[in-house]
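Reading through the structure tokens given below for one structure.
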Amino acid sequence: MRSSSASDLKVKIGDALIVVDVQNDFLPGGSLAVPGGDEIVPVINRYTSLFESKGLPIFATRDWHPENHCSFDKQGGLWPVHCVKDTAGSRFPEELHLPASAVLISKATEEESDAYSGFQGTDLGERLKAVGVRRVLVGGLATDYCVLNTVKDAVEYGFDVLLLEDAIRAVEVKPGDGQKAIKEMIDMGVVPVSYDQVA
Ligand code: VGL
Ligand code: ZN
């Protein structure tokens, strides 16, 4: 494949924005706070405005767990209780601007299974294809978990992927996990971009 020119990066028909898990529990003060997670909210807002102004589709995923989800440490899982459906922690922050037309994708809704990817156990892939999407722009939280796995599945589904490098933050259970995840995505053919390159 030839390398893409700068003009190829501009958002266009066939693009969709995927906002991954920008939820209170993943922001500072939340139960599974991602360092600097709040810093991406105004940046995500620039992307949602851009897509809205161009009439392009926006999908917002959310971690939407039952109270006794298997990923919680009290159930033997890896994480503190977070993003329990219909609680303050699972809500989107007030500051996040999602147009009414944004499609909400709830994931990891079953007690017995976890899902880091917005495609896993949801109809996200079918919905993107149904509206003619060929390329997805992905930002949100966290780089090393749900962003990484959503991007992997997007590639698997055959979508071109632009990673919104100015609109992601990593949990970094191990220092370096964020950079490692970004490298893994780039090695899959994903192109890291920032706002001015696509607007
Ligand atoms: C996530 C850990 C547990 C994420 C979700 O959205 O990246 N991380 N559940
Ligand atoms: Zn979770």
Side-chain angles (χ1 to χ4, degrees), residues 17-41 43-44 47-48 58-93 95-96 98 102-125 136-156 161 163-185 188 190 192:
L17 176 65
I18 304 179
V19 178
V20 176
D21 297 8
V22 180
Q23 295 169 272
N24 288 328
D25 270 341
F26 295 128
L27 302 182
S31 65
L32 212 176
V34 176
D38 53 334
E39 295 165 5
I40 70 163
V41 174
V43 186
I44 294 276
Y47 286 107
T48 60
I58 299 171
F59 293 78
T61 70
R62 60 182 185 181
D63 218 22
W64 201 245
H65 298 317
E67 227 170 303
N68 291 314
H69 190 249
C70 62
S71 75
F72 299 164
D73 42 20
K74 60 173 183 164
Q75 311 296 130
L78 289 175
W79 307 107
V81 172
H82 64 280
C83 297
V84 173
K85 63 180 171 192
D86 295 313
T87 63
S90 59
R91 229 167 276 142
F92 295 130
E95 297 77 13
L96 180 69
L98 288 174
V103 177
L104 208 57
I105 303 287
S106 302
K107 66 178 172 63
T109 60
E110 301 299 321
E111 204 167 284
E112 330 70 60
S113 60
D114 204 4
Y116 290 139
S117 162
F119 290 86
Q120 198 181 331
T122 74
D123 60 359
L124 178 57
V136 294
L137 288 77
V138 183
L141 303 170
T143 310
D144 37 358
Y145 288 92
C146 289
V147 171
L148 172 64
N149 285 279
T150 299
V151 163
K152 277 186 182 173
D153 278 351
V155 170
E156 189 84 8
V161 180
L163 177 68
L164 307 179
E165 226 178 354
D166 50 356
I168 53 176
R169 289 293 185 277
V171 196
E172 305 235 317
V173 172
K174 270 210 332 282
D177 280 356
Q179 277 313 314
K180 192 166 148 251
I182 292 173
K183 182 181 184 301
E184 198 177 335
M185 291 186 264
M188 291 185 283
V190 169

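Whatever order the structure lists ligands and atoms in, that order sets their numbers, starting from 1.
- Under a 4.0 Å criterion applied to the non-hydrogen atoms of Leu141, ligand 1 contributes the atoms 6 (O), 7 (O).
- If you check which protein heavy atom lies closest to atom 5 (C) of ligand 1, you get Asp63 OD2, 3.0 Å.
- Although no hydrogens or angles enter the test, the distance criterion places no donor-acceptor pair under 3.5 Å between the side chain of Asp38 and the main chain of Leu27.
- For the side-chain hydrogen bond (donor to acceptor under 3.5 Å, both in side chains) with His82, the qualifying choice from His65, Gln23, His69 is His65, the only one to do so.
- Near Tyr145, meaning under 4.0 Å from any of its heavy atoms, are these atoms of ligand 1: 7 (O), 8 (N).
- In plain terms, the two heavy atoms of Tyr47 and Ala167 that are nearest each other are CE1-CB, 4.0 Å.
- For ligand 1, the atoms closer than 4.0 angstrom to any heavy atom of Asp21 are 4 (C), 6 (O).
- Geometry note: the Zn ion (ligand 2) is the vertex, His82 NE2 and His65 NE2 are the arms, and the angle is 90° (rounded to 10 degrees).
- For ligand 1, the polar-atom distance check finds no N/O of Phe26 at less than 3.5 Å from any of the ligand's N/O atoms.
- With hydrogens left out, the protein atom closest to atom 2 (C) of ligand 1 is Trp79 CE2, 3.4 Å, a heavy atom.
- Using a 4.0 Å heavy-atom cutoff, Gln23 is absent from the residues neighbouring ligand 1.
- Distances below 4.0 Å separate heavy atoms of Cys146 from the following atoms of ligand 1: 1 (C), 4 (C), 5 (C), 6 (O), 7 (O).
- A donor-acceptor pair under 3.5 Å is formed between the side chain of Thr143 and the backbone N or O of Arg169.
- Proximity of Val20 to ligand 1, defined as any heavy-atom pair under 4.0 Å, is not found for any part of the residue.
- Of all heavy-atom pairs between Ala33 and Pro28, the closest is CB-CA, 3.9 Å.
- Taking CG of Asp153 as the reference point, atom OH of Tyr116 lies at 14.0 Å (rounded to 0.5 Å).
- Taking a cut-off of under 4.0 Å to the non-hydrogen atoms of His82, the atoms of ligand 1 that pass are 3 (C), 9 (N).
- Between the Asp144 side chain and the Glu172 main chain, a donor and an acceptor come within less than 3.5 Å of each other.
- Looking only at its N/O/S atoms, Asp63 has OD2 as the one nearest to the Zn ion (ligand 2).
- For the pair Glu67 (side chain) and Val81 (backbone), a donor-acceptor distance under 3.5 Å is absent.
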